[in-house]
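Data first, discussion second: the structure below is written as structure tokens.
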Amino acid sequence: MRSYRLTSNGLSFAVDEAGEGDRVLLLLHGFPQSRIAWHPLMAPLAAMGWRVLAPDLRGYGDSERPGRQSDYRIERLSEDVLAIAEAAGVTRPVLVGHDWGGVVAWRTAIDYPERVSGLVVANAPHPAVFERLLYSGLRQRLRSLYVLFFMLPWLPEWQVRRRKGRGLAALLRRQSPAFGQAALEAYAENIMRPGAATAMINYYRANVTRLVTPRTKAPLSVPTLMVWGMADPFLDAALTEGNEAYVPDFTLQCLPGVSHWVLEEAGDRLVAAIEEWSRLKGLAGRHWAP
């Protein structure tokens with residue numbers, strides 16, 4: 001695995017890379033993780049012939065943290081994805097995202113379909129499907145109450161930083177025993193960096209009303225694989241329904257007994273799903289030219 005920094009979209013990003021070649025997977029992590037969440041998956045994906053890139057998103061880990069809330073609007077996050085790919089010499093990657101990384105991957109593919117060859121999301125529904133269920137289903141509203149907590153000033157930062165970040169690590173361990181100790185220590189260290197807690201929480205604060213636009217509801221031409229841990233305590237399993245109304249080329253793979261933390265609990269099954277889907281869709285082995 002190779003580690004380096006890229007300057008793109010006016011910011012400095014930390015990137016880990018494995019494999020080589022023209023077939024590229026760009027891996028986007030979620031909250032409150034970092035690029036190390038993808039490490040166990042990168043060697044198997046590279047062994048399939050992919051060039052695999054895993055950046056720390058803005059505000060996270062070793063990447064730069066701009067200070068304004070508006071710097072974390074979804075439009076800026078999507079621009080980061082394209083800029084990182086361009087700086088790495090990548091044309092039309094397959095985007096793979098989990099949690100907030102999945103949200104960013106959806107929006108990037110929706111707004112720039114010509115810049116993406118495929119989309120893989122783990123426990124992140126199409127934004128229009130989430131909006132519909134949020135307004136029509138009590139269960140999802142209840143599961144999303146934590147987002148309201150993140151809208152408060154300073155209190156969320158205090159909560160995730162308490163006991164030098166070990167409170168956050170303990171919370172993740174309670175949610176899934178699959179989290180490794182080294183990863184939990186890294187996430188605790190990351191959340192304690194100056195400005196990091198606010199930067200991470202600003203993903204919620206800056207985007208609570210920005211994820212759905214008229215363009216969001218237009219048909220998406222990018223082939224899409226959704227892998228879903230069915231025991232997710234935050235996202236109702238009903239969010240797996242209706243995505244195909246917005247994505248004609250849509251594939252769903254459900255993982256019974258797997259929680260929100262798909263990378264930690266079922267990383268091998270996610271890798272296998274990517275391999276099978278990419279071959280069926282003609283993405284594996286194809287050279288993507290501009």
Would a distance-only check, ignoring hydrogens and angles, find a side-chain to backbone donor-acceptor pair under 3.5 Å from H98 to L27? no
Those residues at least two apart in sequence (or on a different chain) that pass side chain to side chain contact (heavy atoms under 4.5 Å, CB included) with S70 are R68, R73
Under 3.5 Å donor-acceptor pairs involving side-chain atoms of residues 45-53, not counting sequence neighbours:
residue: R51; atom: NE; partner: E17; partner atom: OE2; Å: 2.8
residue: R51; atom: NH1; partner: A88; partner atom: O; Å: 3.3
residue: R51; atom: NH2; partner: A88; partner atom: O; Å: 3.0

Under the rule for side chain to side chain contact (heavy atoms under 4.5 Å, CB included), what residues qualify as partners of P156, not counting sequence neighbours? F149, F150, L152, I201, R205
Would you say the side chain of R65 lies within less than 4.5 Å of the side chain of N202, judging by non-hydrogen atoms? no
Listed partners of T7 passing side-chain hydrogen bond (donor to acceptor under 3.5 Å, both in side chains), at least two apart: none
Partners passing side chain to side chain contact (heavy atoms under 4.5 Å, CB included) against A237 (at least two apart in sequence or in another chain): M230
Are side-chain heavy atoms of L95 and V81 found at a separation under 4.5 Å? yes
Rounded distance (nearest 0.5 Å) linking atom CZ of R76 with atom CG of N9: 7.5 Å
Heavy-atom side-chain contact between L239 and W228 under 4.5 Å: yes
To the nearest 0.5 Å, what is the distance between CG on L133 and CG on L235? 9.5 Å
Quick check: do L119 and W106 have side-chain heavy atoms less than 4.5 Å from each other? yes
I'd like to know if the side chain of S78 reaches the main chain of I74, judged simply by a donor and an acceptor atom lying under 3.5 Å from each other, with no hydrogens or angles considered. yes
Assess the residue pair Y203 and L77 against the criterion (side-chain contact (heavy atoms from CB on, under 4.5 Å)); give the C-alpha distance rounded to whole Å, side-chain angles, the decisive distance to 0.1 Å, and a yes or no. CA-CA 9 Å; Y203 276 62; L77 305 178; 3.5 Å; yes
How many angstroms lie between CZ in R193 and CE in M200, if you round to the nearest 0.5 Å? 8.5 Å
Closest approach of A197 to V160 (non-hydrogen atoms, all atoms of both residues): CB-CG2, 4.0 Å
Please find out if less than 6.0 Å separates the ring center of F234 from that of Y146. yes
Throw together a table of side-chain donor-acceptor distances under 3.5 angstrom for residues 175-188, partners on residues two or more places apart or in other chains.
residue: Q175; atom: OE1; partner: W261; partner atom: NE1; Å: 3.0
residue: S176; atom: OG; partner: A178; partner atom: N; Å: 3.3
residue: S176; atom: OG; partner: E265; partner atom: OE2; Å: 2.7
residue: Q181; atom: OE1; partner: R173; partner atom: NH2; Å: 3.4
residue: Q181; atom: NE2; partner: E185; partner atom: OE2; Å: 3.2

Looking only at heavy atoms, which two atoms of L263 and A37 are closest? And how far apart? CD2-O, 3.7 Å
Let me see the working for L211 and E131 under side-chain contact (heavy atoms from CB on, under 4.5 Å), right down to the final yes or no. CA-CA 9 Å; L211 297 181; E131 181 189 58; over 6 Å; no
List the residues meeting side chain to side chain contact (heavy atoms under 4.5 Å, CB included) with P66, not counting sequence neighbours, and say none if there are none. L11, R58, D71, Y72
Considering residues at least two apart in sequence or located in another chain, which fulfil the side-chain hydrogen bond (donor to acceptor under 3.5 Å, both in side chains) criterion with E75? R210
Under 3.5 Å, is there a donor-acceptor pair between the side chain of R161 and the main chain of L168? no
Distance-only polar pair, side chains of R5 and S12, donor-acceptor under 3.5 Å: yes
For residues 27-46, the side-chain hydrogen bond (donor to acceptor under 3.5 Å, both in side chains) pairs (sequence neighbours left out) are D16-R35, D16-H39, Q33-E264, R35-D56, R35-D62
Of all heavy-atom pairs between G118 and L283, which one has the smallest distance, and what is that distance? CA-CD1, 4.3 Å
Please examine the side chains of V103 and P127, heavy atoms only from C-beta on, and report whether any two atoms are closer than 4.5 Å. no
Mind checking whether L255 and V262 have side chains closer than 4.5 Å, heavy atoms only? yes
Under 3.5 Å donor-acceptor, S221 side chain and P219 backbone: no
Nearest heavy atoms of P223 and W277, plus distance in Å: O-CZ2, 3.4 Å
Contacts of Y135 that satisfy side-chain hydrogen bond (donor to acceptor under 3.5 Å, both in side chains) - sequence neighbours left out: none
Okay, side chain of T224, backbone of F250: is any donor-acceptor separation there less than 3.5 Å? no
So which atom in V96 and which in I274 form the shortest heavy-atom distance, rounded to 0.1 Å? CG1-CD1, 4.2 Å
Looking only at the side chains, is there a donor atom on one of T198 and E157 sitting less than 3.5 Å from an acceptor on the other? yes
Separation of E79 CD from E86 CD (nearest 0.5 Å): 12.0 Å
Is any side-chain heavy atom of V94 less than 4.5 Å from a side-chain heavy atom of S278? no
By the side-chain hydrogen bond (donor to acceptor under 3.5 Å, both in side chains) test, which pairs, at least two apart or in different chains, include something from residues 246-257? D249-K281
Looking only at heavy atoms, the pair that brings K217 and A128 closest together is CG-CB, 4.1 Å
Any pair with a residue in residues 135-155 that passes salt bridge (charged side-chain N to carboxylate O under 4.0 Å, His left out), sequence neighbours left out, goes on the list, sorted by first then second residue, please. R139-D236
Heavy atoms, side chains only, cut-off 4.5 Å: are I110 and H126 in contact? yes
